[in-house]
Every structure is written in C-alpha cells, then in structure tokens.
Amino acid sequence: MGSLKGKTAVVTGSTSGIGLAYARAFAGAGANIVLNGMGVPADIERERSGIETDFKVRALHSPADMARPAEIAEMIALGESAFGSVDILVNNAGIQFVSPVEEFPIEKWDAIIAINLSAAFHAIRAVVPGMKKRGWGRIINTASAHSLVASPFKSAYVSAKHGIAGLTKTVALELATFKITCNCISPGYVWTPLVEKQIPDTMKARSLTKQQVIQDVLLTAQPTKEFVTSEQVAALALFLCGDDAAQITGANLSIDGGWTAA
Ligand code: NAD
C-alpha cells in the first residue's frame, strides 16, 4: 500500500516529459491522478490507461488549456468530483520560445506568461479552499534554474520562472498554518521534448550546430555535464508529498547538476 493511497494528484502538463514522470511517481505511491496536457488522443489514452494498469489506481485526463482560467478551474473541479478531493497540485505545464528581446513575438510573450506563470495562480486559487477544509495539501510548482539565473534570448521564460518562485513563497506564507506546503523545484536541463524542440531556434539565434548547442550552450551551464532525468525530478516531488517534508515550505529546490552554484 503506497503512502499516497486515497489521495488525488492533479499534474498539469503531464502528457509528456517531467509531468508524466511526476504522475507515474505519485501513482506508484497509490494516488489517483488527473493528467492534463496536449497531444495525440491515442497517445494520451495509452499513458492514462497505462497508469491505471501499472499502479492499480484511477487516472483521468483533463484537456484543460492552461492559457484559459475557466478551464483550469474546471480541471480542479473534475478532480474533486471524480475522486472526492485534490490533495496534491503540481503546476508543471510549460512552453518555451527563444528569441532576441527586440524581436520577441508579443503573442509568444503573452502565451508563456499565461501558461508558465498565470496558470499556476489560477490552479492554486481553485484548489486551496478544498485543501484548507481538509487540513492537508501539497502544492509543487515546476520552476527552473531560470527562476534563479537568466540566459539570453529567453526573456519571457526567465520572467515567468522568476515569477513562479515569488508566487511559491507568497502562497507558502499564506498557508503555513494549514498543513499545506508550497514549494518549487528548479531543474537544470532535463532531456525532454521541451529541450529538444528549442535546439533548432538556439542553433539559429547563436549560429551553432546541434552538437555545439548541446555541449556549449546546454551542458556548459551544468558542472556535472549530464542531463537531469525526469525520474530524479519526480522522486524529489514525491519526497515533498511525505510527512518528512512537512516543514519544507516556501523553498526553491535546485536539481541542476550544480548550475546555480557557479
Ligand atoms: P514537455 O514539452 O515535455 O511537456 C510540457 C507539457 O505541458 C506537455 O504535457 C504539454 O502538453 C503541456 N502543455 C503545454 N502547453 C499547454 C497548455 N496550454 N495547456 C495544458 N498543457 C500544456 O516539457 P518538460 O521539459 O517536461 O517541461 C515541464 C516543465 O518543466 C515546464 O514548466 C518547464 O518549464 C520545466 N522545466 C523543464 C526543464 C527541461 O530541461 N526540460 C528544465 C527546467 C524546467
């Protein structure tokens, strides 16, 4: 019997990458799961039913678009009505766009701020009343090393991730006496579709080859010279859900191969 048996976790952006690893880690500990994110319906259904089969829990998929506040509230309501509560919220959905600031498309700026920052506010706003009523909750935000340091050509992403770090601290203080913790996890480079997709734009922006981007732009920041894995990030999130982490709140936890130590 897992330590999260009887609990429900909503993980935004969990049809891929780090989010899917969180969902599978929580399911492995016995939680029911609300998956969320975009993708090919057949692929999403395979991941959803795979979680139910592999871990003997229930899993639903919410197609809520994290750029739309009303759909975010519906996603939380779906978890509460289907499973009775939402005990764990992971704000993880994220997109990236790489461009010099003076050429940065306005609609890309708006989308990154909406999906990577404002969506977390809307989801927290919707989930907190139920958590307060039940006297227990875990809110985990996927920030980034870019919540602590910047890189050129990522103005919107770095702004959103610095914002998430501030939101995390504020929410932690507000909920400190309710047995609800709020923390953010700040990974360095994790090999996921998000990282893979930004390589062509970085090649263009910096006139580099693919191998140069991987070695000289991505892994150059990471002293270990290795990518972080999604499973390592998920294991940290699972620890934050346990009783041993009850006094960890308002923290920004780096898992970045030493990047932000430099
Ligand atoms: P990914 O591209 O593999 O996954 C992103 C997920 O977000 C997908 O499930 C996608 O469908 C979903 N998503 C995108 N737009 C959405 C929208 N409008 N509504 C709902 N869902 C949406 O990326 P990933 O690397 O797993 O990134 C997950 C999080 O981790 C992001 O917040 C990212 O900023 C952060 N992060 C990633 C890295 C990395 O190196 N990969 C490093 C630090 C932080």
Side-chain angles (χ1 to χ4, degrees), residues 10-25 33-41 43-44 47-48 61-76 78 89-98 107-108 110-120 122-123 140-151 154 156-165 167-168 184-199 202 213-214 217-219 221-222 224 226-234 236-237 252-257 259-260:
V10 172
V11 185
T12 74
S14 49
T15 53
S16 167
I18 298 168
L20 185 57
Y22 286 134
R24 291 186 60 85
I33 303 295
V34 178
L35 291 170
N36 160 257
M38 315 295 189
V40 177
D43 294 344
I44 296 174
E47 296 298 353
R48 190 204 64 78
H61 173 253
S62 159
D65 180 347
M66 291 301 108
R68 295 173 188 263
E71 294 185 19
I72 296 170
E74 280 167 25
M75 171 188 69
I76 300 298
L78 173 72
L89 167 67
V90 184
N91 292 303
N92 170 78
I95 57 169
Q96 174 64 287
F97 192 81
V98 179
E107 66 280 5
K108 293 286 185 198
D110 288 343
I112 289 176
I113 298 300
I115 294 164
N116 296 18
L117 175 57
S118 300
H122 294 295
I140 300 167
N141 300 318
T142 308
S144 163
H146 284 121
S147 74
L148 297 162
V149 296
S151 296
K154 295 184 179 178
Y157 188 86
V158 170
S159 301
K161 294 300 185 181
H162 276 63
I164 270 285
L167 176 66
T168 300
C184 60
I185 296 180
S186 285
Y189 281 105
V190 188
W191 188 255
T192 67
L194 181 140
V195 167
E196 216 172 338
K197 272 187 270 177
Q198 68 184 276
I199 288 176
T202 308
V213 171
I214 291 174
V217 179
L218 302 184
L219 291 182
Q222 239 156 256
T224 57
E226 289 178 20
F227 284 99
V228 181
T229 69
S230 295
E231 290 71 23
Q232 289 165 340
V233 178
L236 178 55
N252 187 343
L253 301 160
S254 292
I255 174 163
D256 64 4
W259 175 351
T260 53

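Quantities reported herein were computed from a predicted structural model and do not represent experimental measurements. Both ligands and their constituent atoms are indexed starting at 1 by order of listing.
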Original post:
Can you name the side-chain contact (heavy atoms from CB on, under 4.5 Å) partners of H122, sequence neighbours left out?
Top reply: P69, I72, S118
Subject >> Any residue meeting salt bridge (Lys or Arg N to Asp or Glu O under 4.0 Å) with D43, in chain and number order, not counting sequence neighbours >> reply: R46
Original post:
ligand 1: which residues have a non-hydrogen atom closer than 4.0 Å?
Top reply: G13, S14, T15, S16, G17, I18, N36, G37, M38, A64, D65, M66, N92, A93, G94, I95, I115, T142, A143, S144, Y157, K161, P187, G188, Y189, V190, T192, P193, L194, V195
Subject >> Distance-minimising heavy-atom pair for N36 and T12 >> reply: OD1-CA, 3.4 Å
Subject >> Parallel, tilted or perpendicular, as decided by the 30° and 60° cut-offs, for the rings of W259 and Y189 >> reply: parallel
Original post:
Does any donor atom in the side chain of T168 or N141 lie under 3.5 Å from an acceptor atom in the other side chain?
Top reply: yes
**OP:** Go through the structure and list residues passing salt bridge (Lys or Arg N to Asp or Glu O under 4.0 Å) with R48, not counting sequence neighbours.
**Re:** E45, E52
